[in-house]
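Inspection log for the structure reproduced underneath, given as structure tokens.
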Number of protein chains: 4
Amino acid sequence: MNAELKKRARRKAERPIEILDAAFEEFARNGYAATRLEDVAARASVTKGTIYFYFETKERVFDEMIRYKSQAFFPELESYAGTLEGSYSARLRALMVFVYRKIAEDRPFRETLRFLIADGSRFPDLVDRHYDEFMRPVIDQFRMVIEAGVAAGEFRPSQASTFTEIVMSPALLLTVWSLLFGTRRQIDVAVFTDASIDLLMRGIDTSR
Amino acid sequence: MNAELKKRARRKAERPIEILDAAFEEFARNGYAATRLEDVAARASVTKGTIYFYFETKERVFDEMIRYKSQAFFPELESYAGTLEGSYSARLRALMVFVYRKIAEDRPFRETLRFLIADGSRFPDLVDRHYDEFMRPVIDQFRMVIEAGVAAGEFRPSQASTFTEIVMSPALLLTVWSLLFGTRRQIDVAVFTDASIDLLMRGIDTSR
Amino acid sequence: MNAELKKRARRKAERPIEILDAAFEEFARNGYAATRLEDVAARASVTKGTIYFYFETKERVFDEMIRYKSQAFFPELESYAGTLEGSYSARLRALMVFVYRKIAEDRPFRETLRFLIADGSRFPDLVDRHYDEFMRPVIDQFRMVIEAGVAAGEFRPSQASTFTEIVMSPALLLTVWSLLFGTRRQIDVAVFTDASIDLLMRGIDTSR
Amino acid sequence: MNAELKKRARRKAERPIEILDAAFEEFARNGYAATRLEDVAARASVTKGTIYFYFETKERVFDEMIRYKSQAFFPELESYAGTLEGSYSARLRALMVFVYRKIAEDRPFRETLRFLIADGSRFPDLVDRHYDEFMRPVIDQFRMVIEAGVAAGEFRPSQASTFTEIVMSPALLLTVWSLLFGTRRQIDVAVFTDASIDLLMRGIDTSR
DNA sequence: GATGAATGAGCGTTCATTCAT
DNA sequence: TATGAATGAACGCTCATTCAT
């Protein structure tokens, strides 16, 4: 009976998470407005009323789902960045591989981007948060490596340090591609990443 | 009375277009599901019934709005590409400027991308059409210039010709940035374009 | 050109009839409430506006359609009744055959009954009219023959003269059967008529 | 509180029935298409939403209302038929009285017939069901008695056993009369029944 | 006479939200 | 905690009716 109790307690504690997981799937499938809380409830194996026990409104379910699903890239990134070593070129390459892979493989990240593009105007806080906790840290890490590389004479001085966004733009394209075409026009992430790195590092032009 | 007649006739002919223009604004503001046809009607200064005189369903309004708003980049691109001359490097730069500007300045293009990212799964035909009439033509133009440049020995052989998407990815980032942050974190398109071109042409790395 | 003019004039004169014919078909198919004037118009090869040129409202279209479709049985019946001769038994048989056939074969009659059963409460005048111009005359004719037959000693005195409805009830059953089951459970009208006549004339019982 | 609970539980269980009862009244008054679910709801003292909690569509409300209202004549008839005894003539009379009374007194039966005549084409299953559960059983009972009577030499062989419908046709006339004229031209059921029985048993004709 | 664009009231249906249990 | 019956506002869509041409 103690075991039973514990199981129940554990389940109780996990309820909100189960609901948010279900919400993620449903919102991802239909978008914010077209998702019915009833379907979220069904997917989480609870009833609508239960959702309202844990969350005040549909907006809150969405909001907290996003926060829950998009948390924790920041520390991951920082910690990875801390391990970088060797030439700045190697560091930049490694960072790009890391970020591209994250973006390409992390469905929650991808769908969060979809949510924010679709309904960001209704949830401006989430957009800001996404910038602060994903976009900016990534840009900052790129900038730091690039600036250090320039200082070390390894990279030529260029706009790349002011527009670090450029360096992550192929990764974003990968994401948008996936959001638009799903599995229909899949791009080989590894090869695409290599190509992007190659291009950004060495350029197209031979006339230098 | 002749003037009256003409005005009426002209208005009649323009009704569907006025409705689609209004639909664009409302769908852009709220997304597909959260847009009320009543609001579209009000913005177009007609009543709900009138919309249904011209369009069968809300879906059709959306679909035809997208088609109407995203038409005609293809010929524009082809015609521009036909005027390219000079070194392949110059041609590629010119093409990038042309495409980046289009993407950056054309709100219908931007919002169409938002629509497709948000509700593409409900309108797969529109997604395919967008690929066929925008993405692929752009990619093809880039590829042609790059391959010619490589053949002429002006560009080094690289993955750039197999992953031409990379070349347009900064432009896509510009779009997504705008969709996400609106005017809050605006990027200077001209400078960003220059930077992107510079980077893609010459690369970051100095070690060559 | 004179011919053209005449044709046009004729068509013009026939327009309302064409509309009422079309209305009959549509109302028969869907009932009053579920019929769209647009469909009536289409079937009559005119536009909705034209219907309103000839009829004030949908109710009037229905009303006039019923009057048009159910007219003229009265004189037909009277004139037929005038031709009856021979024994009263033969006259009654002939009258039953005449009435049964009319009911069985006349789709407008059948559908009118459907209309009145379905929407009679909305059109009480039509119901009264149907009674006055169909039900009562039929009953009266039966009654006259029966009473004359009784007076002549050919028929036994019975309730049949007060409840003449009974004599026409098999015909009504035929109608209802058709309205309910369409062609699914068709009854052979001729044989059924004979059987009904036989039964009503001679009875089931042998113990007399 | 226990009383409260019970009352609530009972109400909950009765809700669908209350709705169907209300639906019966409204559909009977206006027909299927012209009935507003809002009025059904009001009559049942609930809101529109509640109806949709119990029934999927307006069609389902109608369908289930018919099934609920027209159930259970079959067993009643069988059980009554089991009690018949005495001469076949007496049995047939008794059966006719039983069926005629049922038809005359049972408003749900009458209105069901109206529904099926009016909207049967939209609900073919209901029409079939009505045939299987009302028309055929009645016909079969009549046929069995008549055939037994013929076998016993009490009835003369006639078409009455192949067209048993004739025997129930006066009852159907009674129904149609009521559907058409309501209380305006009421027929005295008892006397009409007697007259019908008399006529069908003995016939009009004296010339035998 | 005839058209057909336009209206607007109305209805079926949905769904976020509430609340008694 | 959790349920699920109940609500009611809202929205897509329909269609009888009008009216300028």
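Naming: A, B, ... by sequence-line order, numbering from 1 per chain. Reckoned from all heavy atoms, side chains included, excluding hydrogens, waters and symmetry mates.
Taking atom CG of D/L37 as the reference point, atom P of E/dT14 lies 12 Å away to the nearest angstrom. Taking atom NZ of C/K58 as the reference point, atom P of F/dT14 lies 15 Å away to the nearest angstrom. Atom-to-atom, CD of C/E59 to P of F/dC15 comes out at 17 Å; the value is rounded to the nearest Å. Atom OH in A/Y54 sits roughly 18 Å away from atom C1' in E/dT17 (whole-Å rounding). When rounded to the nearest whole Å, the span between CG of A/D39 and P of E/dA16 equals 9 Å. As rounded to whole Å, 11 Å separates atom P of F/dG4 from atom CD of A/E38.
Both the sub-6.0 Å distance and the 45° axial angle are not jointly satisfied by A/K58 relative to the ring of A/F27.
Which of F/dA6, E/dT13, F/dA16 sits closest to the side chain of D/R15 comes down to F/dA6.
Remark: the backbone N or O of B/A23 is not paired with any side-chain donor or acceptor of B/R43 at under 3.5 angstrom. Checked by atom type and distance alone, the side chain of B/T35 pairs as donor or acceptor with a backbone atom of B/E26 at under 3.5 Å.
In DNA chain F, the stems built from three or more successive Watson-Crick or G-U pairs (distances below 3.5 Å) are E:2-21 with F:2-21.
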Show me the protein contacts with nucleotides 8-10 of chain E, counting only N or O atoms at under 3.5 Å.
{"unit_1": "E/dG10", "atom_1": "O6", "unit_2": "B/K48", "atom_2": "NZ", "d": "3.2"}

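Residue order along DNA chain E, read from the 5' end via each residue's closest nucleotide, puts C/I51 first among B/I51 and C/I51. Remark on DNA chain F: of its neighbouring residues B/T57 and A/V46, the 5'-side contact belongs to A/V46, judged by nearest-heavy-atom nucleotide.
Not less than 6.0 angstrom separates the ring centroid of B/F115 from the ring centroid of B/F123.
When only modelled atom types and interatomic distance are considered, A/R29 and B/S121 share no side-chain donor-acceptor pair under 3.5 Å.
Electrostatic pairing of D/D63 and D/R60 does not count as a salt bridge here, judged by no charged N lying under 4.0 Å from a carboxylate O.
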